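Quick caveat: nothing in here was measured; it's all calculated off a predicted structure. Residue numbers begin at 1 in each chain, while the letters A, B, ... track the order of the sequences.
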Amino acid sequence: MPIYMPMDPHYNPAAIEAAVQARWQRDAAFRVTEDPARQKFYCLSMFPYPSGKLHMGHVRNYTIGDVITRYQRMHGRNVLQPMGWDAFGLPAENAAMANAVPPAKWTWDNIAYMRRQLQSLGFALDWEREIATCDPRYYRWNQWLFLRLLEGGIVYKKTGVVNWDPVDKTVLANEQVIDGRGWRTGAVVEKREIPMYYMRITAYAEELLAALDTLPGWPERVKVMQANWIGRSEGVEIGFPHAHDDGVLKVFTTRADTLYGANYVAVAAEHPLAAQAAAANPELAAFVERCKQGSVMEADIATQEKEGKDTGLQVIHPLTGGKLPVWVANYVLMGYGEGAVMAVPAHDERDFEFARKYGLPIRQVITNAYEERRRSGDPGFTGTDYAMFNFDETSWKSWYAEKEGKVSTFCINSGALDGLTHSHAVDKVTELLEQKGLGRKRVRFRLRDWGISRQRYWGCPIPIIHCAKCGDVPVPDSDLPVVLPDHLVPDGSGNPLARHAEFTACKCPQCGAPARRETDTMDTFVDSSWYFLRYPCPDQAQKMVDGRTDYWLPVDQYIGGIEHAILHLLYSRFWTKAMRDLGLIATTEPFSNLLTQGMVLNEIFFRRGNDGRITYFNPADVDVETDNRGQRTSLRLRADGQPVEFDGIGTMSKSKNNGVDPQALVDRYGADTARLFMMFAAPPEQTLEWSDAGVEGAFRFLKRLWKLAADHVARGPASALDPAALTPAQRDLRRKIHQTIAKVDDDLGRRYTFNTAIAAVMELTNALTRADDTTPAGRALMAEGLEVSVRLLAPIVPHITDAIWRELGQSLPLIDAPWPQADAAALARESVEVVVQVNGKLRGRVVVAVDASEAEVRAAALDHADVRRFTDGREIRKLVVVPGRLINIVVS
RNA sequence: GCCGGGAUGGCGGAACUGGUAGACGCGCCGGACUCAAAAUCCGGUGGUGGUGACACCGUGUGGGUUCGAUUCCCUCUCCCGGCACCA
């Protein structure tokens with residue numbers, strides 16, 4: 001039965017959306033169960049952090065997922081689309097400090113609000129599978145798996161470097177370090193080493209890299225980023241014996257062929273040799289201390305001025321026997337490799353810069369054919385070659401670091417290596433080193449093990465008990481979960497858990513003596529590394545996962561922001577493989593197809609307070625004045641009229657306070673307009689600068705669609721369509737209908753270009769409106785056109801299309817209506833337009849029969865009056881014919 | 001700094017495999033309806049020149065390949081994402 005009777009001529013989104021959503025609710029339309037008889041489709045969007053309100057990035061992400069979900073469902077698949085909450089994390093602690101509210105209450109309140117927002121947008125989510133990572137029923141399995149991985153040696157303990165705020169005496173996240181200082185105290189941050197738990201992701205490095213080739217459904221750019229991140233490199237580990245004792249300094253290099261050019265070695269400030277030398281050298285000790293200041297972020301370290309200091313210690317070159325100085329350098333990282341590098345200034349750009357700065361010798365050991373020809377006085381040598389390929393100690397040229405690329409390079413000044421090219425020289429030098437026991441080939445990865453300990457309250461407790469006698473003792477499975485007390489309020493000075501005796505006080509599970517519970521919690525990436533395995537079985541109280549996980553996995557389509565291209569996706573792939581190796585799941589790669597959504601950006605405004613602290617203001621609260629040339633003249637906060645500063649544009653986020661709440665849009669125009677506008681604005685993978693210009697246009701289109709349907713319905717039922725009895729104009733219109741089906745099916749199902757799908761349906765409805773044909777055949781065409789348009793748009797704007805669908809007299813719910821099929825007969829055409837170019841410039845068009853011969857098409861093109869103006873009197877040198885599309889006449 | 005991506009009218013974007021640059025929409029201009037406004041409908045809209053037919057120019061910069069380049073190659077500029085404790 002229609003909801004509205006008769007059909008209201010005015011589009012009323014509030015009433016339509018409420019009614020349609022109520023019916024979905026009543027029918028439990030989004031509930032899914034395992035059904036071996038149908039093809040399953042697991043459509044997953046990355047779950048949100050419950051920051052308070054949805055922002056436009058969420059609307060974009062979840063609309064994309066919902067469009068794909070509904071499209072697949074209309075194609076007959078059994079589709080699972082779940083939702084949950086990435087509910088642990090730093091913002092809850094910040095909010096707690098600001099408002100004196102426990103993170104738990106803040107988080108659960110946010111979840112309740114955002115759940116309502118998601119429901120109001122009409123997403124086809126199975127809410128019975130909702131999970132929140134801060135729920136002990138979820139995170140107990142983090143703890144359980146942590147213990148299994150600990151048993152298997154995948155989890156282990158070692159020290160790691162963190163940002164330390166010496167005033168608040170607390171560990172800071174990278175985000176909380178601004179220009180090397182603590183965000184709250186302004187104190188210069190120090191690096192500090194503390195014990196932490198690590199996951200041995202490097203044990204899976206080879207597989208994580210190789211398996212990228214098994215993922216054709218992933219964007220190339222993501223696979224390239226992951227491959228570079230894992231960073232497999234084949235090289236040689238070389239030992240440099242200490243000159244002062246019988247120790248050996250190990251370095252790893254991919255350029256062992258340049259070993260004869262090594263004239264110093266550089267070690268990290270944290271390296272034992274640095275500490276040893278600093279003990280007797282106060283100046284060096286001061287430098288080492290200075291290196292330990294500042295943040296641990298790679299971007300900071302990589303951009304800082306390269307500095308170093310001679311330790312006075314020396315090592316012995318393994319082949320020449322010469323002595324090389326040992327320097328401490330701030331660009332060498334202790335956490336990477338051995339914390340030491342051999343420096344070859346002539347053939348490494350960073351070493352070159354360092355050597356120039358400190359006056360260290362630069363010894364060329366690689367040359368190329370051009371340079372050698374010059375040296376040998378070859379008369380064929382030219383000045384240009386000289387300029388490009390002559391080695392010059394005063395400035396860097398890219399060929400110095402060439403291996404086997406554009407310029408053919410080989411060794412010189414290198415004893416037995418002379419004349420050898422890169423790979424041969426590496427083989428030879430390895431052989432020589434092996435004879436002395438000072439070298440061997442090794443494969444090394446840039447990827448580092450995953451430190452999961454966080455000195456924070458609002459996270460999943462690490463299930464370990466520290467006993468004075470027994471050491472670090474795992475919490476027995478029977479005592480899981482270790483429940484996080486949910487009433488504490490952090491104050492910025494360390495982890496409140498550590499001061500909460502009720503939590504820390506416990507008995508050693510092994511000896512029963514009083515012991516202390518571990519107070520570090522897990523990295524929130526742990527929570528998000530397996531949530532997609534839990535949606536299939538959220539109610540499973542006995543096990544982490546069950547057979548339902550194997551039914552639904554792998555995820556057929558995963559959708560999320562490009563900012564997760566590396567970390568989250570790599571950790572999830574690792575976690576999946578670790579669970580596979582424990583026999584818990586059958587899946588080896590969790591996500592078959594990946595759609596990386598472009599970020600939704602907005603302007604960022606801030607003010608720096610007297611204490612140096614930065615406050616961000618929402619763009620909606622900032623008044624912008626511009627002059628008549630569009631240049632900005634003033635930026636002021638509306639609340640106090642005082643100026644604010646502009647910090648560029650960036651991702652909508654809680655921390656930058658530049659999110660746009662979709663609620664105003666939904667309240668004013670309805671969910672369908674919000675969804676349509678978001679999908680129409682740009683293709684999903686593209687970055688999108690926020691602007692609401694165009695919302696009105698999306699709303700107008702829905703109003704026109706509604707009116708088109710209402711006018712049609714008001715005229716009563718249309719008669720059946722007889723395709724054989726159509727006029728040429730009606731045949732053209734019918735072709736347009738079926739072309740649109742083919743186009744939209746491709747755009748929604750293969751290309752994921754929702755903007756062009758919408759444009760195609762707009763073109764169709766424009767054509768239907770313009771036809772204005774109330775003959776019986778015309779009305780039958782209108783009926784077909786409307787039924788097609790409504791089904792093609794159903795995944796994008798599910799409410800209005802559902803309502804129109806019913807008004808058109810359909811009884812099967814639109815959500816389960818079959819997707820329309822393009823009729824080949826309707827697509828057939830008799831003539832085709834061919835473009836005629838002269839010398840590549842468009843000069844005319846000719847219409848020819850579809851089956852016209854090439855000779856006929858040529859003749860028509862050459863005879864075209866506008867074409868002849870450019871060809872008459874000239875010699876036709878070439879004729880390029882692209883059948884059915886174009887002819888290019890090349891004249892002299 | 002390193003890795004990945006992007007740049008097309010006043011604006012968002014289209015052109016899918018090298019073949020009609022600017023689909024669709026916004027905005028703007030003109031018109032209809034109206035006492036008026038809103039809403040709606042119709043027409044126009046890359047730039048320059050021309051009454052016009054039309055011509056020339058035009059896809060961030062500079063070069064290259066090609067009958068033909070937004071698309072492929074090289075160079076540079078700017079912007080965005082990531083860089084291991086924001087998520």
Side-chain angles (χ1 to χ4, degrees), chain A residues 46 48-49 51 86 88-91 94 160 162-163 171-177 219-222 224-225 227-229 231 296-304 306 331 335 350 447-456 523-525 528 561-568 570-571 596 598-599 601 630 648-651 653-656 677 680-683 685-689 691 693-698 700-701 703-704 707 746-747 750-751 753 755-756 758-763 766 833-837 839-842 845 866 869 877-880 882 885-891:
Chain A
M46 290 180 186
Y49 179 81
S51 55
D86 189 13
F88 276 136
L90 203 54
N94 296 339
V162 294
N163 300 306
V171 174
L172 298 180
N174 284 336
E175 188 187 53
Q176 297 171 317
V177 180
E220 206 55 39
R221 58 170 164 162
V222 175
V224 169
M225 280 191 265
N228 290 340
W229 185 263
V296 301
M297 290 168 70
E298 191 193 300
D300 289 346
I301 292 161
T303 51
Q304 74 191 353
K306 280 156 202 58
Y331 67 84
R350 201 168 47 181
L447 181 68
R448 310 200 290 261
D449 278 338
W450 174 17
I452 60 155
S453 293
R454 296 291 178 269
Q455 297 68 45
R456 280 184 230 304
D523 180 5
T524 56
F525 275 122
S528 56
I562 184 67
E563 77 275 25
H564 294 295
I566 297 176
L567 292 181
H568 162 61
L570 194 64
Y571 291 146
T596 43
M599 302 286 81
L601 311 179
I649 51 174
T651 311
S653 72
K654 180 92 184 160
S655 60
K656 296 286 169 75
F677 169 66
F680 189 54
E685 303 220 270
Q686 195 163 306
T687 300
L688 182 64
E689 274 180 47
S691 158
V695 174
E696 285 283 349
R700 276 205 287 267
F701 169 66
K703 281 196 287 193
R704 281 200 302 273
K707 184 164 186 301
D746 191 46
D747 284 353
R750 178 183 66 90
R751 294 214 303 156
T753 51
N755 55 330
T756 55
I758 294 163
V761 181
M762 284 176 170
E763 283 190 59
N766 287 346
E833 187 182 76
V834 173
V835 163
V836 187
Q837 295 180 338
N839 286 350
K841 288 194 175 183
L842 175 70
R845 299 152 202 274
D866 287 334
R869 288 180 22 230
R877 294 206 316 209
K878 193 170 177 180
L879 211 63
V880 182
V882 183
R885 288 192 75 91
L886 166 145
I887 291 184
N888 189 13
I889 303 163
V890 185
V891 298

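Taking 3.5 Å as the limit, the base of B:C67 and the side chain of A:Arg877 contain no donor-acceptor pair of atoms between them.
A:His568 places its NE2 atom 18 Å from the P atom of B:A84, with the value rounded to the nearest Å. Regarding A:Glu220, its CD atom lies at a distance of 12 Å from the P atom of B:G4, rounded to whole Å.
A:Arg454 comes within 4.0 angstrom of a nucleotide base, judged by non-hydrogen atoms across all strands.
Every side-chain contact (heavy atoms from CB on, under 4.5 Å) that A:Glu175 has, sequence neighbours left out, goes to A:Leu90, A:Ser655.
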Checklist entry - How does RNA chain B read in dot-bracket, base by base from 5' to 3', with Watson-Crick or G-U pairs under 3.5 Å and | used when the partner is on another strand? => result (((((((..(((......[....)))((((((.......))))))((((....))))..(.(((..]....))).))))))))....
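Closest to the side chain of A:Phe680, from the set B:C24, B:G4, B:A87, is B:C24. When each of B:A87, B:G13, B:C86 is scored by its nearest atom to the side-chain atoms of A:Tyr49, the top-ranked nucleotide is B:A87.
Under the side-chain contact (heavy atoms from CB on, under 4.5 Å) rule, A:Pro683 has a single partner from A:Thr756, A:Asn755, A:Asp747, which is A:Asn755.
Within the structure, every side-chain polar atom (N or O) of A:Asn755 is placed at least 4.0 Å from both OP1 and OP2 of B:A23. In this model, the phosphate group of B:U40 is not approached by any side-chain N or O of A:Lys707 to a distance below 4.0 Å at OP1 or OP2. Taking side-chain N and O atoms only, A:Arg700 has a distance below 4.0 Å to OP1 or OP2 of B:C26. For A:Asn228, a side-chain nitrogen or oxygen approaches OP1 or OP2 of B:G4 to under 4.0 Å. Residue A:Ser655 places no side-chain N or O under 4.0 Å from the OP1 or OP2 atom of B:C86.
Remark: A:Arg877 CZ is loosely packed, at most 12 non-hydrogen atoms of other residues, nucleotides or ligands lying under 6.0 Å away.
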